[in-house]
Amino acid sequence: MATLFPIPENHPQRFVLHNEVHARAPFNLNLPVRASHLALLLSNDEKMQERRHLITLCERFGVAPPEKEVDHFSATFNSFQIRWEQHGEFSTYSFYVHDSPEDPFADVALKKVPVDWMSQLTGQVIVAAHATIVSAADIHYDENIDLASLSSYFADNPVIGSKVTGGAASVFTDFRIHVDGFSRFLIINNDLRAEQAGRLLQRLFEIEVYRVMALLAFPIARKLYPALKKSDRQLYTITNSMTLPDNNDGELLDELTTLAAEVENYISSNHFRFAAASAYYQLVEQRVNDLREVRIQGIQTLGEFIKRRLEPAINTCESISHRFTLLSERVSNASQLLRTRVDIIIERQNQGLLTSMALRAKMQLRMQQMVEGISMVAITYYAASLIGKLAEMLHIMGWKVNPGIIEGISIPFILIIIAISSKRIHRIIANTTE
């Protein structure tokens, strides 16, 4: 892209990153409006299938399909509007219809979508919700006298609600799944603008999706609790055995290693789910704060209901995750302590072995020295005997020599020669081993 000023070349992702803040802008909705929202859990293969399936819907109505790499799409068809978003774990579909029947939930927006196309959507439904924005006159509602009558739209369940967006609207729900498999949001328009209506519906749907996604970790936490208690008791048993004088450190170290592998497997297998739960819960809190709720006397606000019902479950998940992390650290500390003890025992054994080997070497040296002394005497004896035999031969040949005297005189000289030779041999060996 050309610029008017001589600045350096743009980063390849500059414009993509810059425009990301505009990527998922809410619809500007004409009021009144009915909406249906679906959130589907999908695998990577199913994500590719749903993109192709969305293209078939666009081709069916002659609408330009989404580009290949985009993860969000909005379009207007004959009788409804659609908004599609693909997230990391799930995808969402929002359908909008701009009219208002007498019963807000009698003729939902989803009925305008082709049935055959809906039946071929991929994935598993994790959230399904209907929402309707109507005026107070449309449902003959007076907040001063008719608050209790709203429960008829929610199968006579207790109603939760508040005024939102600075009093521009009032939101009501029961946070229950009704017989049609959908939850419900009723929004009474006081002074909503088109852009406010789009943002409000988007926030309500996101609250519903993110709170359910956050709770995916709760069954895992409850399932892991017995395993956590078992591992904790096993660690206590091992560390208690370490204090006994007759314990087998090798067996205890094997048990600790097995326990450490089990604990790390629990952590690595569920770390993503627990981390995701915390992130989703933060998004729920943020979206609730964005509603800017004002209490309606006599009923709970959405934020109060969600905090009281969702926060304990999230705290349980965080507690289980934190306790597993602490257990892993305790197992690691116990393993290091036990390995230190084993290393010290091995070092002592090695020290005793070296002392024993040094003693043996010293004894062998002394025996070698004794053998060398005996060998010198034996060599001297045989050498002197040989000289004596030579003297006797010379005497027989007529030489005037005394064989006995010559043999005796040769003994000191033979000893000296042998001693000098032995020292030279020792010196040569020492030089070659250095």
Side-chain angles (χ1 to χ4, degrees), residues 24 26-27 29 33-42 72 82-97 104-105 108-110 113 121 123-133 150 153-155 157-162 164-165 169-188 196-219 276-293 299-314 317:
R24 302 175 188 270
F27 264 167
L29 299 174
V33 63
R34 290 175 289 134
S36 296
H37 186 78
L38 293 175
L40 307 176
L41 292 178
L42 302 122
H72 54 89
I82 186 173
R83 178 187 180 88
W84 167 77
E85 294 185 10
Q86 195 173 79
H87 300 263
E89 296 186 84
F90 60 91
S91 292
T92 60
Y93 295 83
S94 299
F95 304 95
Y96 304 95
V97 175
F105 301 106
V108 296
L110 208 57
V113 184
L121 283 174
Q124 296 177 311
V125 176
I126 192 68
V127 168
H130 295 309
T132 302
I133 301 179
L150 291 176
Y153 297 118
F154 301 97
N157 295 319
V159 177
I160 299 148
S162 61
V164 296
T165 60
S170 298
V171 175
F172 300 97
T173 184
D174 58 354
F175 284 115
R176 294 180 183 272
I177 297 176
H178 290 259
V179 292
D180 60 353
F182 286 73
S183 55
R184 296 176 177 181
F185 290 96
L186 176 63
I187 300 100
I188 297 177
Q196 284 182 308
R199 288 196 300 268
L200 177 58
L201 281 177
Q202 184 174 351
R203 287 165 184 163
L204 292 174
F205 288 147
E206 287 179 348
I207 288 172
E208 188 75 351
V209 173
Y210 292 144
R211 75 175 182 89
V212 176
M213 292 298 297
L215 285 173
L216 281 177
F218 185 57
S278 179
Y280 285 132
Y281 182 60
Q282 291 179 9
L283 288 173
V284 171
E285 290 183 315
Q286 179 183 343
R287 297 300 185 270
V288 171
N289 290 335
D290 291 342
L291 290 177
R292 294 182 292 147
E293 289 188 283
I299 62 174
Q300 280 185 304
T301 66
L302 277 69
E304 286 177 338
F305 181 87
I306 290 174
K307 186 176 181 63
R308 292 185 61 183
R309 305 300 175 93
L310 186 60
E311 190 174 38
I314 298 302
C317 296

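Position 1 is the first residue of the sequence, and the numbers go up from there. These numbers come from a predicted model, not from an experiment. Hydrogens, waters and symmetry mates are skipped; everything else that's a heavy atom, side chains included, is used.
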_Side-chain H-bond candidate by donor/acceptor type, His87 with Glu89, under 3.5 Å_ = no
*Side chains of Leu302 and Ser162: does their closest heavy-atom pair fall under 4.5 Å?*
yes
*Go through the structure and list residues passing side-chain contact (heavy atoms from CB on, under 4.5 Å) with Glu311, not counting sequence neighbours.*
Tyr281, Lys307, Asn315
*Is a side-chain N or O of Thr173 found less than 3.5 angstrom from the main chain of Val159, in a donor-acceptor match?*
no
*Mark yes or no for whether Thr132, through its side chain, and Pro104, through its backbone, hold a donor-acceptor pair below 3.5 Å.*
yes
_Just to verify, what does Leu121 make a side-chain contact (heavy atoms from CB on, under 4.5 Å) with, not counting sequence neighbours?_
Leu38, Leu40, His53, Tyr93, Trp117, Met118
*Are Phe105 and His130 an aromatic pair by the rule of ring centers under 6.0 Å?*
no
*Test side-chain contact (heavy atoms from CB on, under 4.5 Å) applied to Ala109 - qualifying residues, sequence neighbours left out*: Arg34, Ser36, Val97
*If the plane angle is over 60° it's perpendicular, under 30° parallel, otherwise tilted; pick one for Phe90 and Tyr280.*
tilted
_Between Ser94 and Ile82, does the side chain to side chain contact (heavy atoms under 4.5 Å, CB included) criterion hold? Intermediate values first, please._
CA-CA 6 Å; Ser94 299; Ile82 186 173; over 6 Å; no
*asked:* Under 4.0 Å between a side-chain nitrogen and a carboxylate oxygen: does that hold for Arg287 and Glu285?
replied: no
*asked:* When you compare the side chain of Phe175 with that of Asn157, does any pair of heavy atoms fall below 4.5 Å?
replied: no
_Set of side-chain contact (heavy atoms from CB on, under 4.5 Å) partners for Ala279, sequence neighbours left out_ = none
*asked:* As a quick check of understanding, evaluate side chain to side chain contact (heavy atoms under 4.5 Å, CB included) for Leu310 and Leu215, giving each step before the final call.
replied: CA-CA 8 Å; Leu310 186 60; Leu215 285 173; 3.4 Å; yes
_Test of understanding: with salt bridge (charged side-chain N to carboxylate O under 4.0 Å, His left out), list the residues that count as partners of Glu293, not counting sequence neighbours._
none
*asked:* Once rounded to the nearest 0.5 Å, what's the spacing between atom NE2 of His37 and atom CD of Glu206?
replied: 8.0 Å
*Ring centre gap for Phe172 and Phe185 strictly below 6.0 Å*: no
*Please name all residues satisfying side chain to side chain donor-acceptor pair (under 3.5 Å) with Arg211, sequence neighbours left out, ordered by chain then number.*
Glu208
*Parallel, tilted or perpendicular: ring planes of Phe154 versus His178, cut at 30 and 60 degrees*: tilted
